[in-house]
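By convention in this document, chain letters (A, B, ...) are assigned in the order of the sequence lines, proteins followed by strands, and residues within each chain are numbered from 1.
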Protein chains: 2
Amino acid sequence: MSRTTGDRRAEIIQAAVEVIAERGYRGASLGAVAERVGLTQQGLLHYFPTKEALLVAVLAARDQWDVASTALHGTTWPLEMLTSLVEYNATRPGIVQTFTVLAGDSVTEDHPARAYFEERYRWVREGAADMLRAEFGERLPGGLTPERAAPLLVAVMDGLQVQWLLDPAAVDMAAAFRDFVALLGGTGNT
Amino acid sequence: MSRTTGDRRAEIIQAAVEVIAERGYRGASLGAVAERVGLTQQGLLHYFPTKEALLVAVLAARDQWDVASTALHGTTWPLEMLTSLVEYNATRPGIVQTFTVLAGDSVTEDHPARAYFEERYRWVREGAADMLRAEFGERLPGGLTPERAAPLLVAVMDGLQVQWLLDPAAVDMAAAFRDFVALLGGTGNT
DNA sequence: GTCTATAATAAGATAGAC
DNA sequence: GTCTATCTTATTATAGAC
């Protein structure tokens, strides 16, 4: 059945996300992923013919997950929405870790996820600029425009994730992000 | 001679930095590093008995490099100094890439560089807080304190590096950093 | 100090049985 | 759809000659 096959694939993708979080992409062996869903390495290759095909599926799943969690936590004010996304992320270290590791890895030569992250950051910056424009208009503190603030917003989200993953006790990711929103002149601060 | 040995070790460390930038830590084989300095893999092991020992040396070299470049570009105003560090980094994609990759990798389980980055971020945040206090005093825009702005400053630097490495044409790392300084109420903006 | 030889694993992938 | 068997290639590391 194609239903069963889809379920199996979803299980495998989930397992791959976990193993990548623990050991990175290069360190994530197909055998370790397979074992987690009760398959042999060769059995897994029936669903994803190569390791790279599995990675592509993991990245595609992330995009879908983004859309879903945005819908789930959608509120009226765009920046509020981003703040709740950060709060939500703070409860899901596994996923955050997987994509922090992959994004870092992707800057290496000929990395199979490089094009994905290049494109992803481009549209994330565009989305952030739109969001900032809707929230604050054309003029932001420090003489910034939404387009110039956008890469900073994205950088803060990513950079905080690294610090938080390394030392969750020392870095309150959600609070820090609200601090940044406050810097932009928003009302994200309590 | 111990002089020759030191030179050789320095060469090897430099080669390791390059190979890690290209392929990540797990992807950086000792053979590839050795080849770059005209040695066999086994010849390299004479200088660094294990792969992990070489990584430790790479991390130690980074700390020394930090100190050196700080001295080199030191100016009177602390934040100006950081801005020139970012400008300097924008001319050295190799080093930036190595440590972006290593930092991302380090969040995985039992990674040999994990403790290093954990400590490093701790003191970098402390240093940033001191710098912000010296520059702006106790009160920053958005009701922030130096301690609360510090992780944001560090996050911006790191996050911009990822975006810049992936797409240098789309992200002007130094300009964006100056924009962030402007947000803090500084005069880093032209 | 650097090499050759080699051990010991481990990985991704293919072929083909059931 | 999943397995066993196997190929091929890499990798870290050790032993010991020169």
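- Atom CD in E11(A) sits about 14 Å away from atom C1' in dG1(D), given to the nearest Å.
- Within 4.0 Å (heavy atoms only), A28(B) reaches sugar-phosphate atoms of the nucleic acid but no base atom.
- The ring pair (Phe, Tyr, Trp, His ring centres under 6.0 Å) contacts involving residues 8-27 of chain B comprise Y25(B)-H111(B), where partners must be two or more places apart or lie in separate chains.
- The heavy-atom pair separating P141(A) from G185(A) by the smallest distance is CG-N, 4.2 Å.
- Two residues, G27(A) and L45(A), neighbour DNA chain C, and the one matched to the more 5' nucleotide by heavy-atom proximity is G27(A).
- Here D172(B) pairs with nothing under the side-chain hydrogen bond (donor to acceptor under 3.5 Å, both in side chains) rule; sequence neighbours left out.
- E119(B) pairs by the side-chain hydrogen bond (donor to acceptor under 3.5 Å, both in side chains) definition with nothing, not counting sequence neighbours.
- Atom pair R23(B):CZ and dA10(D):C1' shows a separation of 10 Å (rounding to whole Å applied).
- If you measure from atom CG of L30(B) to atom C1' of dT14(D), you get 14 Å, rounded to the nearest angstrom.
- Taking atom NZ of residue K51(B) and atom P of nucleotide dT9(C), one finds them 19 Å apart after rounding to whole Å.
- Here the C1' atom of nucleotide dA13(D) and the NE2 atom of H46(B) are 16 Å apart, to the nearest Å.
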Sub-3.5 Å pairs of nitrogen or oxygen atoms, protein against nucleotides 6-8 of chain D:
none

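- For R125(B), the side-chain hydrogen bond (donor to acceptor under 3.5 Å, both in side chains) partners are Q163(A), not counting sequence neighbours.
- Qualifying side-chain hydrogen bond (donor to acceptor under 3.5 Å, both in side chains) partners for E109(B), counting only residues two or more places apart in sequence or in other chains: none.
- The distance between atom CD of E35(B) and atom C1' of dT11(D), rounded to the nearest whole Å, is 15 Å.
- A sub-4.0 Å separation between OP1 or OP2 of dG12(C) and a side-chain N or O of T50(A) is absent.
- Residue pairs that meet the side-chain hydrogen bond (donor to acceptor under 3.5 Å, both in side chains) test with at least one member in residues 49-59 of chain A, sequence neighbours left out, do not exist here.
- The side chain of L39(A) lies closest to dC3(D), out of dT14(D), dC3(D), dA13(C).
- T40(A) has a side-chain polar atom (N or O) that falls below the 4.0 Å cut-off from OP1 or OP2 of dC3(D).
- L44(B) places its CG atom 10 Å from the P atom of dT12(D), with the value rounded to the nearest Å.
- Atoms CG (L54(A)) and C1' (dA11(C)) sit 15 Å apart, rounded to a whole Å.
- Within the structure, ring pair (Phe, Tyr, Trp, His ring centres under 6.0 Å) pairs that include any residue of residues 141-177 of chain A do not occur (at least two apart or interchain).
- Taking every heavy atom of residues 102-112 of chain A and every atom of DNA chain C, no pair lies under 4.0 Å.
- Among all heavy-atom pairs drawn from V101(B) and G104(A), the shortest one is CG2-O, 3.6 Å.
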